Amino acid sequence: MPPGSLCRSWLLALLLISLAGCTTSSGYQAYPGSTRPESEIAVVIGQQYLRQDWLNRYVDAVRFSHVDGAAIEGSERYRRVELTPGTHDITIYFYWDLGSQRGLAQALVQYASSRQTLSRTLSLNVRAGERYTVLAQPVFTEGERRDITTMAYVDFWVEDEDGNDVVSREQGRYISIPQ
């Protein structure tokens, strides 16, 4: 075998391994034991949003921080949560993409997941074999600037695959408590 083709074979193998690693890290298994087929579990997906300024593109997203009171370590890595059928309490937060400012990413996750204005705990009843999507609507303070510093709060809701509300916008709406 020529040396160039051996090198290409190794590069292709490394690429396939790295792609396989990317696909397995997107889901968080929120039940004990081995992986179950999708027909036996429910999948809850956090919606992603493309935001573009004059120079860059960002992907903001709904992420999960807790399921039934148990913390999800490295929550910013997971786009979806796999659950057993039944009622679950899921704590979600709005993840604001900072692009190349990676040093701030972990601080932002801790900030967003701990603020009531950017996170919420939703209770939903899920069925086996079904997919659900958590959607978000950021609300900004008045003015033209729309970034994390002017975000007042985020409303969340959950829809099934047919677009029906499982958790309504009213149930997932941020309610300010006067102090």
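From a predicted model like this one, the values you see are computed outputs, not experimental measurements. Positions are given from 1 along the sequence.
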**OP:** Using the ring of Y31 (Phe, Tyr or Trp, six-membered ring only), decide whether R36 places NZ or CZ under 6.0 Å from its centre and within 45 degrees of its axis.
**Re:** yes
**OP:** Measure the spacing between NE2 of H88 and CG of L83 and express it to the nearest 0.5 Å.
**Re:** 4.5 Å
Subject >> Test item: P138 and Y153 side chains (from C-beta on) under 4.5 Å apart, heavy atoms >> reply: no
**OP:** Evaluate the side-chain contact (heavy atoms from CB on, under 4.5 Å) criterion for residues Y49 and F94: first the C-alpha distance (whole Å), next the side-chain angles of each, then the deciding distance (0.1 Å), finally the verdict.
**Re:** CA-CA 10 Å; Y49 302 90; F94 193 76; 4.1 Å; yes
Original post:
Picking from L122, V158, L118, what satisfies side chain to side chain contact (heavy atoms under 4.5 Å, CB included) with I92?
Top reply: L122
**OP:** Supply the atom-to-atom distance R80 CZ to Y132 OH, rounded to the nearest 0.5 angstrom.
**Re:** 14.0 Å
**OP:** Report the C-alpha distance between W157 and D165 in whole Å, list the side-chain angles of each, state the deciding distance to 0.1 Å, and finish with yes or no for side-chain contact (heavy atoms from CB on, under 4.5 Å).
**Re:** CA-CA 7 Å; W157 68 99; D165 284 349; 4.0 Å; yes
Original post:
Backbone N or O of N164 within a donor-acceptor pair of the D162 side chain at under 3.5 Å?
Top reply: no
Subject >> Criterion side-chain contact (heavy atoms from CB on, under 4.5 Å) on R63 and R77, from CA distance to verdict >> reply: CA-CA 8 Å; R63 292 289 189 248; R77 294 188 317 245; over 6 Å; no
Original post:
At what distance, to the nearest 0.5 angstrom, does CD1 of I41 lie from CD of E130?
Top reply: 12.0 Å
Original post:
Any salt bridge between E38 and R127, counting N to O under 4.0 Å?
Top reply: no
Subject >> Least distance between heavy atoms, F64 atom then V44 atom >> reply: CZ-O, 3.5 Å
Original post:
How many angstroms lie between OH in Y95 and CD in E76, if you round to the nearest 0.5 Å?
Top reply: 6.0 Å
Original post:
Would V62 end up clustered with V166 when hydrophobic side chains under 4.5 Å apart are linked, directly or stepwise?
Top reply: yes
**OP:** May I ask you to check whether T121 and T91 show a side-chain donor-acceptor distance below 3.5 Å?
**Re:** yes
Original post:
Would you find a donor on one side and an acceptor on the other, under 3.5 Å apart, between the side chain of D68 and the backbone of D89?
Top reply: yes
**OP:** Answer yes or no: is there a side-chain heavy-atom contact under 4.5 Å between I72 and H66?
**Re:** no
Subject >> Atom pair CZ/CD of R169 and Q137 - distance to nearest 0.5 Å >> reply: 6.5 Å
**OP:** Show your working on side-chain contact (heavy atoms from CB on, under 4.5 Å) between D155 and R120 and close with a plain yes or no.
**Re:** CA-CA 8 Å; D155 290 332; R120 203 87 70 253; 4.2 Å; yes
**OP:** Would you name the heavy atoms of A128 and P85 that are closest together and state the gap between them?
**Re:** CB-CG, 3.6 Å
Original post:
Got a second to check how far L124's CG is from D160's CG, nearest 0.5 Å?
Top reply: 11.0 Å
**OP:** Using atom types as modelled and distance alone, determine if a side-chain donor or acceptor of E40 lies under 3.5 Å from a backbone N or O of P37.
**Re:** no
Original post:
Backbone N or O of E73 within a donor-acceptor pair of the Y28 side chain at under 3.5 Å?
Top reply: no
**OP:** Specify the closest pair of heavy atoms between A30 and V81, including all atoms of both residues, with the distance to one decimal.
**Re:** CB-CG1, 3.9 Å
